[in-house]
Trainee: 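Sharing a structure with you now.
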Amino acid sequence: DGVYVSALTGIPLFDSSTKFDSGSGWPSFTAPFDPEHVTEVKDVSHGMVRVEVRDAAAGEHGVGHLGHVFDDGPGGKPRYCINSAAVRFVPRAEFEAQKKAAPAAAEGAQGSAAAEK
């Protein structure tokens, strides 16, 4: 149980509760962790028309390629077919601890900047 985060930017991309065995050999998910964390771009390479999935935090111009999304997932849901090298699994307890530490660190940095003024 946990979260798959971007190997490039560290943002959460997929929750393990949405992972399933598609039989493709690629990690497959039915939904992103947060739709704002991925971008979908039409891909016409290799003589096919597909939808590429990218890490939204990685910017433009093909950086942050994660894989592709198809419309043949279980129960009519999408199948996000993701390159395993593009994600890193974080156990749920570690992910939750990081979430709690991140706002405290940000507040501390803001407090330090205000103190310097």
Side-chain angles (χ1 to χ4, degrees):
D1 182 41
V3 177
Y4 290 84
V5 302
S6 169
L8 185 61
T9 66
I11 66 168
L13 297 171
F14 299 96
D15 191 285
S16 65
S17 66
T18 68
K19 189 172 190 280
F20 70 99
D21 183 0
S22 67
S24 68
W26 297 81
S28 296
F29 304 87
T30 57
F33 184 90
D34 181 329
E36 302 269 326
H37 292 187
V38 298
T39 55
E40 297 179 6
V41 179
K42 185 176 181 178
D43 175 2
V44 295
S45 64
H46 306 291
M48 297 178 270
V49 177
R50 304 179 288 179
V51 177
E52 178 186 8
V53 180
R54 296 181 186 168
D55 175 339
E60 300 285 328
H61 311 296
V63 175
H65 173 82
L66 300 170
H68 292 87
V69 62
F70 303 96
D71 63 1
D72 60 357
K77 295 180 180 177
R79 173 173 56 100
Y80 288 84
C81 190
I82 304 301
N83 184 326
S84 61
V87 293
R88 180 175 56 85
F89 179 75
V90 178
R92 176 111 23 227
E94 182 181 330
F95 177 75
E96 294 299 331
Q98 289 173 1
K99 271 187 7 183
K100 288 178 184 174
E107 288 173 16
Q110 289 173 351
S112 296
E116 290 175 10
K117 288 183 179 180

Trainee: Taking all atoms of both residues into account, what is the closest heavy-atom pair of G64 and A58, and its distance?
Mentor: CA-CB, 3.8 Å

Trainee: To check you understand the geometry: which heavy-atom pair defines the closest contact between P74 and F20, and what is its length?
Mentor: CD-CZ, 3.4 Å

Trainee: Measure the shortest side-chain to side-chain distance between K99 and P12 over non-hydrogen atoms and say whether it is less than 4.5 angstrom.
Mentor: no

Trainee: Taking all heavy atoms of A56 and all of E36, pick out the closest pair and write down the distance.
Mentor: CB-O, 3.3 Å

Trainee: Are any of the side-chain heavy atoms of F70 and P78 separated by less than 4.5 Å?
Mentor: no

Trainee: Looking only at non-hydrogen atoms, find the nearest pair between V87 and L13 and report the distance.
Mentor: CG1-CD1, 3.9 Å

Trainee: Of all heavy-atom pairs between G10 and V5, which one has the smallest distance, and what is that distance?
Mentor: O-CB, 3.6 Å

Trainee: Mind checking whether Y4 and F89 have ring centres under 6.0 Å apart?
Mentor: yes

Trainee: When rounded to the nearest 0.5 angstrom, what is the spacing between OG1 in T9 and NE2 in H37?
Mentor: 9.0 Å

Trainee: H68 vs H65 aromatic rings, parallel, tilted or perpendicular, using cut-offs 30° and 60°?
Mentor: perpendicular

Trainee: Run the side chain to side chain contact (heavy atoms under 4.5 Å, CB included) check on S24 and R79 step by step: do they pass?
Mentor: CA-CA 11 Å; S24 68; R79 173 173 56 100; 4.2 Å; yes

Trainee: Any side chain to side chain donor-acceptor pair (under 3.5 Å) involving residues 80-94? Give me the pairs, sequence neighbours left out, ordered by first then second residue.
Mentor: D1-R92, D15-R92, E40-Y80, E94-Q98

Trainee: Measure the spacing between CG of D21 and NZ of K19 and express it to the nearest 0.5 Å.
Mentor: 7.5 Å

Trainee: Testing the basics here: between S28 and C81, what is the closest heavy-atom pair and its distance to 0.1 Å?
Mentor: OG-CA, 4.3 Å

Trainee: If hydrophobic clusters are built from ILVMFWY residues whose side chains come within less than 4.5 Å, do F29 and I11 share one?
Mentor: yes

